[in-house]
2 protein chains.
Amino acid sequence: MRRDIFQAIADPTRRAIIALIAVHSMTPNAIAENFNTSRQSISKHLRILSECELIHQEQQGREIYYSLKIEKMKEIDEWLEQYRNIWENRFDQLDDVLSKLKKN
Amino acid sequence: MRRDIFQAIADPTRRAIIALIAVHSMTPNAIAENFNTSRQSISKHLRILSECELIHQEQQGREIYYSLKIEKMKEIDEWLEQYRNIWENRFDQLDDVLSKLKKN
DNA sequence: TATTTGCGAAACCAATTAGTTGCATATATA
DNA sequence: TATATATGCAACTAATTGGTTTCGCAAATA
């Protein structure tokens, strides 16, 4: 089973869950109220997010509060970094390519 | 059929294709040489990336050169922006929350 | 002109996904 | 203690996915 952060954020419901619990921790029931889907399906999404270590849970009595592990989101940022370099230095790179072409 | 950039980058083969053609445009055959999968399966991935407007194609005789539309990658960056704010201002936000709590 | 090459598309298949319903369990409350 | 509530988990299902094989077409080449 592939289970990484890229697969985790591929689903729009999971992205919405992430956005919700980024603000403050929430219980599965409270999260589910924001969607027209069952509590169980939200639970499954939470499990996937958990397996990706994207969220953290804290039991409080019979309730479980889920919150976002914001550090994990940095992984996406790190992956993006290489491309950010490209789009920021597009023209510099073009110059680079051209000068290299001249040398050959 | 869901077809957005988050679904596009969910597959590791597609992320590898993106990395490959980010450097310079390549033909499907040349791309496929880098994986132990068929040219046809790469073609399917390229179609998905195309449908997400993540790549650009240029016909040259019977060859088709695929290249990355780097601007599209910015969409991920924009989505990440809200979370970047959170992880950068974690402590500031904590202060914020605490001061708001005091007021209530 | 006949053959090879590069490619996309269709048909098919196994695995995975996102959802459902129906439990079981633990905690709160009457 | 009996009941209600919050939750996770298992079994099932339909849709989607990523791959394959097979095909057709257009461009290059012999």
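The sequence lines fix the lettering, A, B, ..., with proteins before strands; numbering per chain opens at 1.
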Practice item. Take the protein atom CG of Asp4(B) and the nucleotide atom C1' of dT16(D), then report the distance between them rounded to whole Å. Key: 14 Å
Practice item. Measure the distance from CD on Gln7(B) to P on dG18(D) and round it to the nearest whole Å. Key: 6 Å
Check your understanding: What residues, two or more places apart in sequence or in another chain, satisfy salt bridge (charged side-chain N to carboxylate O under 4.0 Å, His left out) together with Glu75(A)?
Key -> Lys72(A)
Report all side-chain donor-acceptor pairs from residues 13-21 of chain B shorter than 3.5 Å, counting only partners two or more places apart or in another chain.
from     : atom 1 : to       : atom 2 : distance (Å)
Arg14(B) : NE     : Ala8(B)  : O      : 2.7
Arg14(B) : NH1    : His45(B) : ND1    : 3.0
Arg14(B) : NH2    : Gln7(B)  : O      : 3.2
Arg15(B) : NH1    : Ile9(B)  : O      : 2.7
Arg15(B) : NH1    : Ala10(B) : O      : 3.2

Study note, to complete from the structure: Here the distance between atom P of dC25(D) and atom CD of Gln59(B), to the nearest Å, is 16 Å
Using distance only, find each side-chain donor-acceptor pair of residues 31-41 of chain A under 3.5 Å and give its atom names and separation, not counting sequence neighbours.
from     : atom 1 : to       : atom 2 : distance (Å)
Asn34(A) : ND2    : Ala30(A) : O      : 2.9
Asn34(A) : ND2    : Ile31(A) : O      : 3.3
Thr37(A) : OG1    : Ser41(A) : OG     : 2.7
Ser38(A) : OG     : Ser41(A) : N      : 3.1
Ser41(A) : OG     : Ser38(A) : O      : 3.4

Review point. To the nearest Å, how far apart are Glu58(A) CD and dT27(C) C1'?
Key: 17 Å
Exercise for review: Would you mind telling me which residue lines up with the more 5' stretch of DNA chain C, Thr37(A) or Gly61(A), judged by nearest nucleotide?
Suggested key: Thr37(A)
Review point. Dot-bracket, DNA chain D: Watson-Crick or G-U, under 3.5 angstrom, [ ] crossing, | other strand?
Key: ||||||||||||||||||||||||||||||
**Study point:** Single-linkage hydrophobic cluster Ile5(B)~Tyr83(A), side-chain heavy atoms < 4.5 angstrom
**Key:** yes
Point to revise | Candidate pair Tyr65(B) and Glu63(B), rule side-chain hydrogen bond (donor to acceptor under 3.5 Å, both in side chains), full reasoning | key: CA-CA 7 Å; Tyr65(B) 283 85; Glu63(B) 292 183 324; 3.2 Å; yes
Practice item. Could you list the residues that satisfy side chain to side chain donor-acceptor pair (under 3.5 Å) with Ser67(B), not counting sequence neighbours? Key: none
Check your understanding: How is Ile48(A) classified with respect to the nucleic acid when contacts are heavy atoms under 4.0 Å: base, sugar-phosphate, or nothing?
Key -> sugar-phosphate
Check your understanding: What is the distance, rounded to the nearest whole Å, between atom CD of Gln60(A) and atom C1' of dT27(C)?
Key -> 13 Å
Review point. Are OP1 or OP2 of dG19(D) and a side-chain N or O of Ser38(B) less than 4.0 angstrom apart?
Key: no
Revision key, fill the gap. Those residues at least two apart in sequence (or on a different chain) that pass side-chain contact (heavy atoms from CB on, under 4.5 Å) with Leu80(B) are Met73(A), Ile76(A), Asp77(A), Leu80(A), Arg84(B), Trp87(B)
Check your understanding: Who are the ring pair (Phe, Tyr, Trp, His ring centres under 6.0 Å) partners of Tyr66(B), not counting sequence neighbours?
Key -> none
Check your understanding: Between dT5(C) atom P and Glu33(B) atom CD, what is the distance in whole Å?
Key -> 14 Å
Practice item. Mind calculating the distance between CD (Glu51(B)) and P (dT17(D)) to the nearest angstrom? Key: 10 Å
Review point. Tell me, for nucleotides 2-13 of chain D in 5' to 3' order, what letter each nucleotide earns: B for a base near a protein heavy atom under 4.0 Å, S for only sugar-phosphate near one, - for neither?
Key: --BBSBBB----
Exercise for review: Check whether any side-chain nitrogen or oxygen of His45(A) sits under 4.0 Å from OP1 or OP2 of dG19(C), and answer yes or no.
Suggested key: yes
Review point. Is any side-chain N or O of Arg14(B) closer than 4.0 Å to OP1 or OP2 of dG19(D)?
Key: no
Check your understanding: Atom CD1 of Ile42(A) to atom C1' of dT20(C): distance rounded to whole Å?
Key -> 13 Å
Practice item. Sequence neighbours left out, what passes side-chain contact (heavy atoms from CB on, under 4.5 Å) with Gln59(B)? Give chain and number order. Key: Ile64(B)
